[in-house]
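Encoded as structure tokens, the structure appears first; notes follow it.
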Amino acid sequence: MPPVALITDFGIADWYVGEIKGAMLSACPGISIIDITHHIPPGDIKAAAFTLAVCFRTFPEGTVFCVVVDPGVGSGRRAIAADSGRSLFVGPDNGVLSWALSLRPPMSVRTIDNSDYFHRADISSTFHGRDIFGPVAAHLAQGLPFAAIGAETAEYEKIPFPRPAVTDASISAEVLAVDRFGNAITAIDAALANHLIGKALKLRFRGACHTISPGDFFQSVPRGEPLCYLGSAGYLEIGVNGGSAAENLGLASGDRIELLLK
Amino acid sequence: MPPVALITDFGIADWYVGEIKGAMLSACPGISIIDITHHIPPGDIKAAAFTLAVCFRTFPEGTVFCVVVDPGVGSGRRAIAADSGRSLFVGPDNGVLSWALSLRPPMSVRTIDNSDYFHRADISSTFHGRDIFGPVAAHLAQGLPFAAIGAETAEYEKIPFPRPAVTDASISAEVLAVDRFGNAITAIDAALANHLIGKALKLRFRGACHTISPGDFFQSVPRGEPLCYLGSAGYLEIGVNGGSAAENLGLASGDRIELLLK
Amino acid sequence: MPPVALITDFGIADWYVGEIKGAMLSACPGISIIDITHHIPPGDIKAAAFTLAVCFRTFPEGTVFCVVVDPGVGSGRRAIAADSGRSLFVGPDNGVLSWALSLRPPMSVRTIDNSDYFHRADISSTFHGRDIFGPVAAHLAQGLPFAAIGAETAEYEKIPFPRPAVTDASISAEVLAVDRFGNAITAIDAALANHLIGKALKLRFRGACHTISPGDFFQSVPRGEPLCYLGSAGYLEIGVNGGSAAENLGLASGDRIELLLK
């Protein structure tokens, strides 16, 4: 049985993630559940969309990704699921699934409206992770036919991916995430990064300008120096050997940077 | 085999939770373990009692809840387990199980004194989660007869639930928890909350007075506005749409609030 | 099938730990994975070595310990695995495994160079946890013969254990870790601790001198008082009943303390 992989903004100090798992196991004993992260900033749909997009391809065939970042919980926003052939995706229809689905266009998208697979008939108005998304994801991992969850839909919310701006002399791009090590992960994908990798660059950002050594791995530059490299997520990253690009350079998620080819 | 669900104050930065699981798997290979939370504030028995009470009913039948918040570890305080028919509960006899047991009165309570099911004969004096509670919970999940763990006991520690004070015009209650989103969960249960839900209220608290819009879900009030609603845990909560009641209003766990019907 | 137990410095806010597990499950569906901790300070090889050394003996026979604290990822540093007979150890050859291996000398150590068991042929230069260590550990837990991973090697990196300095009147030792409760875990092992346990001591440290009550468990001294006791990890610890030795005394990991027999 393939696993259900969870991405949420619930944190792990409260009982919410435990309760989602309790509801999933009540529906489907023996289901396998993997935590991707529960530390999406509260309500940050874009951060969750990026997290899903960069990691879903590493998981086994048939994995059901259940993404619960849902500021509109209880409102009219729909609950949806998508079948991409290799993976299934479950979450609110607020764009949180859309970056992954742009990489692996779905064969079918359905609204989740069959309450047979909900945790209970009288669902709460504030915790659909426990009452709807988790149990439905568990049933799908256990082999429930995709068509059973609800009606086919042609439309779903898509949030725009912040495409870099490219000129002959520079690439300007958004920092999409900063990780625990302080590495800044940009929106520059592998194809575009190939123009930059291995070249000495200038990084312009918030008025300042830094020289970035070309590098392939952290220790390929002297300790404390910044480098830019194609990261494990498939995007260009800016890091510091033995240090933190976030701390040393002041880079933060959402920043706009410019990389100048000298 | 039903799972063991863990609630502790060990955090997850140290190796303690890993070691509890190692001891459980050494005793019972293949046991299934669910983390509810390991972030109970150190030694906060009441926070653990509340966490268990609000979530245990979502878990599958037969789940063994293992609660290790144990400032008296190594002292004369007893180790106990309770069988409520549907679930089993394991922990120190310091009241940590008592709120759940008041909701589902146990058929049997026993002291844990049969060392056959401990991790090792020479138990530590500071880590009974690894040496006693975890392994005994694992054995119970694996089917050990409840009577095997030790002698029946008539008494166990109960901590008083902070009941709200009700008048015709107001309800005064304690904030029992503040979650990651800054929602304040009060001691006002669903039956009592029904008098308040959907009505415009005044919230009095630390000398200040706020108007609380009636709401059902977060986006039912304008962004940035407070609302009160029956939360997923079955208690009245105070939240802010797109914000944090803890930050915006200054609410914290342990606060006494008063809700005034206008 | 024995579990794989993980120790990393990836934290849990990013998708990295989820991705390691995704790669492990892609290689070996049904593998069982236990988190020991992902909160080793970034790049802190010594903290990871200590964490592994204090807890590996609690896990079931056959457990594969996968330790990914790897500041030299992508460089020439080798990837190794060790077979101690009872357990297997996988990680970078930077000393991270060496304290555990000094407690349980390995029968065989091999370099990991057979890419048949990697996540993919074109491995990243910054995330060998996903691409090499996790999948190889999963294959070993699933029964892959140890010799299949690569060539035998006679040498591997060892980092020196900070041995206490002992005189008739005192023991001077390093604080190797401070846990969530603020207990300071020293490098004084059980054999040496036996000279101290139960005796009134003076703790000298950063110029100040504190009296430490002998104790066996926390509540064996008055609330708020420091005590020293043989901790669950097998080392002498300094704690405070109902409080934090880190906060109350100012003890931190890496500090040098002196315990004076009066």
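The structure displayed is predicted, hence computed values, not measured ones. Lettering of chains follows the sequences in order, A, B, ..., and the numbering in each one begins at 1.
For chain A, no part of C:D131 is nearby; none of its heavy atoms comes within less than 4.5 Å. C:P29 does not touch chain A: none of its heavy atoms, backbone or side chain, sits under 4.5 Å away. C:R130 touches chain A through its side chain: at least one heavy atom from C-beta onward sits under 4.5 Å away, while N, CA, C and O do not. Contact of A:P2 with chain C is not made at all, since no heavy-atom distance falls under 4.5 Å. For a residue to count as touching a neighbouring chain, one of its non-hydrogen atoms must lie under 4.5 Å from one of that chain's; by this rule C:H128 does not touch chain A. With a 4.5 angstrom heavy-atom cutoff, A:D216 touches chain C via backbone and side-chain atoms both. Proximity to chain A (any heavy atom under 4.5 Å) is restricted, for C:S124, to the side chain, taken from C-beta onward. Interface remark: C:F10 contributes backbone and side-chain atoms alike to the contact with chain A (heavy atom separation under 4.5 Å).
Of all non-hydrogen atoms in A:A233 and C:W15, the two that sit nearest each other are CB-CZ2, 4.3 Å. Nearest heavy atoms, A:I34 versus C:L25: CD1-CD1, 3.4 Å.
Applying the 6.0 Å contact sphere to CD of C:E155 captures no more than 12 heavy atoms from other residues, nucleotides or ligands. Around CZ of C:R223, the count of heavy atoms belonging to other residues, nucleotides or ligands within 6.0 Å does not exceed 12. The number of heavy-atom neighbours closer than 6.0 Å to CZ of C:R206, taken from other residues, nucleotides and ligands shown, is above 12.
Looking at C:S75, its side chain never comes within 3.5 Å of a backbone N or O of A:Q219 through a donor-acceptor pair. A donor-acceptor contact shorter than 3.5 Å links the side chain of A:T37 to the backbone of C:I12.
Side chains of C:D9 and A:R180 form a contact here, defined as non-hydrogen atoms less than 4.5 Å apart.
Contact tally against chain C (heavy-atom pairs below 4.5 Å) for A:F181, A:F218, A:Y229: the top residue is A:F181. Interface summary for chain A: among C:H39, C:K21, C:M24, the most heavy-atom pairs under 4.5 angstrom belong to C:H39.
Note that the CD1 atom of A:I185 and the CG atom of C:D14 stand 7.0 Å from one another [nearest 0.5 Å].
Scanning residues 47-71 of chain C against chain A with a 4.5 Å non-hydrogen threshold yields C:P71, sorted by number.
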